[in-house]
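Just so you know, ligand 1 is whichever comes first in the structure, and atom 1 is the first atom listed for that ligand. Numbers for residues simply follow the sequence, beginning at 1.
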Amino acid sequence: MFHFATSATYATLPDRFFTKIGPTPVRAPSLIAVNDDLARDLGLNPDDLTSPEGVAILAGNALPQGATPLAAVYAGHQFGGWNPRLGDGRAVLLGELTPEGGPQVDIQLKGAGRTPYSRGGDGRAWVGPVIREYLLSEAMHALGVPTTRALAAVLTGEDVYRETRLPGAVLTRVARSHIRIGTFQYFASQRDIDALRTLYEFTRARHYLDAETPLQMLEQVITAQAELVAHWMSLGFIHGVMNTDNMTLSGETIDYGPCAFMDAYHPAKVFSSIDRHGRYAYNQQADIAVWNLAQLASAILPLIDTNEAQAVEVASAALNDFAPQFQAAWTRRFGRKIGLKNATPEDAQLIQDLLNRMGSLGADFTNTFRALADGTARDAFSDPAAYDQWHDAWRARLAAEGTDAATQTAIMRAANPAIIPRNHRVEEAITAAVAGDYAPFHRLHSALKSPYEPAPDMGDLTMAPTADQEVRQTFCGT
Ligand code: AMP
Ligand code: MG
């Protein structure tokens, strides 16, 4: 089963970093899914996890040997408003694994019961968000995006009450770490410089071994986040709750709540029902990332330089590097989406021109890009003339780069997925699961494993929703 590391673990940090608490047992655990591929990558035997003993652990009814369960404390800005104390309110970290040849990872149960950080919540999750996170995080991984992973999902045999009575579930989340910007903010707001330094050393050892100073770590986090958000953008992904407690130091995507992939392209698209002012809209994500990183910078100022003015100056310079790094990553990724091997800054205009045309006609983001390689993109536009005008400029640019047609096609096919977890398909899987049918979930999960080379019998999953299939809103719904 799990063989947890005994050193360099979060549990060895000082007491004020967490509360030692185990998961709360549940009535009747049963398995929804174990991620066999991930289990093997982690050096685990999938059969161990699906055994009754394994399911008991995944549900929180038994602790694996060597577990040091805890709920971590953190703070954060939620929709811009400061919250001095959040923390794992429905999650318990069991311990860290060090798979052979791989980096150390956290094993966390999400939906594992109340903790001192639960505030008014029940510490539980219903099957909807568990399935959603499972599908979305595994899809992101298959798409090549740094992300937390889903190792397993189990039913608890207990009901949870949201607007109605729903089946309870627990997700086993795997992450390079759960260190958030909000974790640094928590100690900064307490003026606990010792803890900040300890957290910096821990983060450095886990993720940024070559950073020699806190400033260098900040620079590397900025680079990781610029790359990450550009990657999201290139796939039409909207995180939906980019609060500072939902942004990792590792550069992994975390906390799949109201997130969604766009169907029709609209630059200011918002899905989250609670995001009334569009703070976390598709086209706001880079700006929000910088805002969040500025909170990180401000939290670690005392570590950067004891002279505050000097610390502010170098931290600001590091933050100013976000925009050009994001822009370069954006151009590189969208350049590949239109078949360019080495897009240059001037190509941003050509790309933007296509996006504008898509936006004004509501063309499907994923399928329009995918169709470029097939020569059928014109069909994606309700007014084909809008595409034709762009097409000629695009072909001229490709000709100027001088790659052959096969290379261009290969570049585009590798940058433009055919299968994404479309909202209506995710909702369909959740609705079926609530009724006890997990077949749509398993089918979608299996299709999402090869997003760039869909199996022939998965054609229906590539299709954009019809008007009455379309899902316009998503919910935190924890
Ligand atoms: P989120 O926006 O989903 O990242 O959650 C924000 C905060 O609310 C975190 O501190 C969570 O632990 C807490 N939280 C969310 N759902 C629950 C729940 N069902 N019970 C207790 N705490 C929760
Ligand atoms: Mg969160």
Pick one of side chain, backbone, both or neither for how [X] approaches ligand 1, counting any non-hydrogen atom pair under 4.0 Å.
X    : value
R119 : side chain
Y117 : neither
D122 : both

### Query
Just wondering, is there an N, O or S atom on N243 that's nearer than 2.8 Å to the Mg ion (ligand 2)?
no

### Message
Going by the rule side chain to side chain donor-acceptor pair (under 3.5 Å), which residues pair with R165 if we only count those two or more places apart in sequence or in a different chain?
### Response
D159

What orientation do [X] and [Y] show, parallel under 30°, tilted 30 to 60°, or perpendicular over 60°?
X    : Y    : result
H77  : W82  : tilted
H445 : F441 : parallel
F17  : F187 : tilted

## Note on the structure
If we number the atoms of ligand 1 from 1 as shown, the ones under 4.0 Å from a heavy atom of G121 are 20 (N), 21 (C)

### Message
Please list, in number order, the atoms of ligand 1 under 4.0 Å from a heavy atom of R162.
### Response
19 (N)

### Query
How is the N/O/S atom of D255 that comes nearest to the Mg ion (ligand 2) named?
OD2

### Task
Answer yes if the side chains of T172 and Q108 hold a donor-acceptor pair under 3.5 Å, and no otherwise.
no

### Message
Run the side chain to side chain contact (heavy atoms under 4.5 Å, CB included) test against D305 and tell me which residues pass, sequence neighbours left out.
### Response
N307, Q310, A311

